[in-house]
Amino acid sequence: MRVGVVVFPGSTCDRDCLQALRQVGAQAEEVWHTERDLRGLDAVILPGGFSYGDYLRAGAVAARCPVMEAVRSFARAGGAVLGICNGFQILLEAGLLPGAMVRNRCGRFVCRDVYVRVESVRTPVTWTLRSGQVLRLPVAHGEGCYIPPAGLDPRQVVFRYCDASGRLRPSANPNGSVAHIAGVCNAAGNVVGMMPHPERATDALLGSADGVPLLEGLRRLDSRSRLAAGGRGR
């Protein structure tokens, strides 16, 4: 499994993603923001950080980089794409995912562990998990309040912020996202965006290893599991 991690000027989590992917046995490599050809890759990750300093809006400039045309083509062909934090914001700005992101309702940068509940198991990162499973993952963002479009298909909600028992409580929502949404996918299920950082949760000694199954889902993605990811559960 070859996974490309896109590096934009201002990316800060690309090295974390590369290390975490290699930790689970994936062949991971950097993809520069000027790249126009993603052939040979099995999956693509857009990492967190502050691409182009978050000028205009978070992800707005990066969404117009040359590599994003290649990402669009890759996604249209059914390739697995994961956007994490700033990567999620870039996918929204690029129109590859529905909805928009605004400043945290609390008005502050939030950096802490949260719990999220798996809502969909039909994506490349959740197909090995079970619906309703609760994961502990870190967040670190100032512009993470997700606003869904009217009529968003519930099957496109991949994660929701919750408490440790899986209940949707206001105190468990770190940024005020509508309906506690922490991650969504496109209609086909192969493009996923999430605000929590699975690459920072790969070692129990550091607080949680709950990010490992998400990255292993990508590593184990093949023709058989891709079919399973598109056809299982919600």
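- Nearest approach of Cys85 to Ala140, heavy atoms of both residues: SG-O, 3.5 Å.
- Of the charged side-chain nitrogens involved, none lies within less than 4.0 Å of a carboxylate oxygen, so that Arg64 and Glu69 do not count as a salt-bridged pair.
- In this structure, Gln27 and Arg22 have side chains that are not in contact, with every pair of non-hydrogen atoms separated by 4.5 Å or more.
- Hydrophobic clustering (side-chain heavy atoms under 4.5 Å, transitive across Ile, Leu, Val, Met, Phe, Trp, Tyr) keeps Phe8 apart from Phe50.
- Contact record, Val6 with Val44: CG2-CG1, 3.8 Å, taken as the closest heavy-atom pair.
- Connection of Leu97 to Val102 is not established within any shared hydrophobic cluster, with ILVMFWY side chains joined at heavy-atom distances below 4.5 Å, either directly or through further cluster members.
- Side-chain N or O atoms of Asn104 include none that pairs as donor or acceptor with a backbone N or O of Gly176 at under 3.5 Å.
- With rounding to the nearest 0.5 angstrom, the CH2 atom of Trp32 is 8.5 Å from the CG atom of Asp14.
- Residue Arg15 qualifies as open at atom CZ: its count of foreign heavy atoms under 6.0 Å is 12 or below.
- A donor-acceptor pair shorter than 3.5 Å cannot be found between the side chains of Asp16 and Gln19.
- More than 12 non-hydrogen atoms from other residues, nucleotides or ligands lie less than 6.0 angstrom from CZ of Arg112.
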> Between Leu137 and His197, does a side chain to side chain contact (heavy atoms under 4.5 Å, CB included) hold up when you go through it step by step?
Replying inline: CA-CA 6 Å; Leu137 302 170; His197 288 264; over 6 Å; no

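- You'll find the side chain of Cys185 reaches within 4.5 Å of the side chain of Arg122, heavy atoms only.
- One distance of note links CG of Leu214 with CE of Met194; it measures 5.5 Å at 0.5 Å rounding.
- Inter-residue side-chain proximity for Ile45 and Val3 is flagged as met; some heavy-atom pair is nearer than 4.5 Å.
- With a 4.5 Å cut-off on side-chain heavy atoms, Arg160 and Ser177 do not count as touching.
- Using a 4.5 Å heavy-atom threshold, the side chains of Asp163 and Ser171 count as separate.
- Ile181 places a side-chain heavy atom less than 4.5 Å from the side chain of Tyr146.
- Here the side chain of Asn190 pairs no donor or acceptor atom with the backbone of Ala80 at under 3.5 angstrom.
- Salt-bridge annotation for Glu93 and Arg57: present, with a side-chain N of the basic residue lying under 4.0 Å from a carboxylate O of the acidic one.
- Judged by distance alone, the side chains of Arg167 and Ser165 do bring a donor and an acceptor atom under 3.5 Å apart.
- Residues Pro47 and Val5 approach most closely at CG-CG1, 4.1 Å, considering heavy atoms.
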>> I'd like to know whether Val7 forms a side chain to side chain contact (heavy atoms under 4.5 Å, CB included) with Val31, so could you lay out the CA-CA distance, the side-chain angles of the two residues, the decisive distance to 0.1 Å, and finally the verdict.
In response: CA-CA 6 Å; Val7 182; Val31 176; over 6 Å; no

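- Taking the six-membered ring for Trp and thresholds of 30 and 60 degrees, Tyr52 and His33 have ring planes more than 60 degrees apart, a perpendicular arrangement.
- Side-chain contact annotation: Asn175 with Tyr161, donor-acceptor N/O pair under 3.5 Å present.
- When all heavy atoms of Thr128 and Gly217 are compared, the closest pair comes out as CG2-CA, 4.4 Å.
- Within the 4.5 Å cutoff, the side chain of Met1 has no heavy atoms near those of the Leu218 side chain.
- One distance of note links CD1 of Ile84 with SG of Cys17; it measures 4.0 Å at 0.5 Å rounding.
- At distances below 3.5 Å, at least one donor-acceptor pair connects side-chain atoms of Arg2 with backbone N or O atoms of Gly40.
- Side-chain atoms of Thr123 and Thr126 include a donor-acceptor pair closer than 3.5 Å.
- Using modelled atom types, no side-chain atom of Arg219 and backbone atom of Gly25 make a donor-acceptor pair closer than 3.5 Å.
- In terms of hydrophobic clustering, with Ile, Leu, Val, Met, Phe, Trp and Tyr side chains grouped at heavy-atom distances under 4.5 Å, Ile147 and Leu92 are assigned to different clusters.
- When all heavy atoms of Gln156 and Pro98 are compared, the pair lying nearest together is NE2-CG, 3.6 Å.
- For the atom pair Cys145 SG and Asn173 CG, the distance stands at 7.5 Å (nearest 0.5 Å).
- For the pair Cys162/Val134, a side-chain contact is recorded, criterion being any heavy-atom separation below 4.5 Å from C-beta on.
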>> Could you go through His180 and Leu168, starting from their C-alpha distance and side-chain angles, then the distance that decides it, and tell me whether this counts as side chain to side chain contact (heavy atoms under 4.5 Å, CB included)?
In response: CA-CA 7 Å; His180 296 259; Leu168 305 181; 4.1 Å; yes

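- Separating the CG atom in Asn86 from the OG1 atom in Thr12 is a distance of 8.0 Å, to the nearest 0.5 Å.
- Follow the hydrophobic side-chain contacts under 4.5 Å out from Leu21 and you reach Leu129 in the same cluster.
- For Arg136, the side-chain contact (heavy atoms from CB on, under 4.5 Å) test picks out Asp113, Tyr115, Ser208, Asp210, with sequence neighbours left out.
- More than 12 heavy atoms of other residues, nucleotides or ligands sit less than 6.0 Å from atom CZ of Phe109.
- In this structure, CD1 on Ile90 lies 7.5 Å from SG on Cys65, to the nearest 0.5 angstrom.
- Closest non-hydrogen pair, Thr202 versus Val212, comes out as CA-CG2, 3.7 Å.
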>> Working note: Phe88 + Met101, criterion side chain to side chain contact (heavy atoms under 4.5 Å, CB included); need CA distance, chi angles, decisive distance, verdict.
In response: CA-CA 9 Å; Phe88 184 9; Met101 205 74 75; 3.7 Å; yes

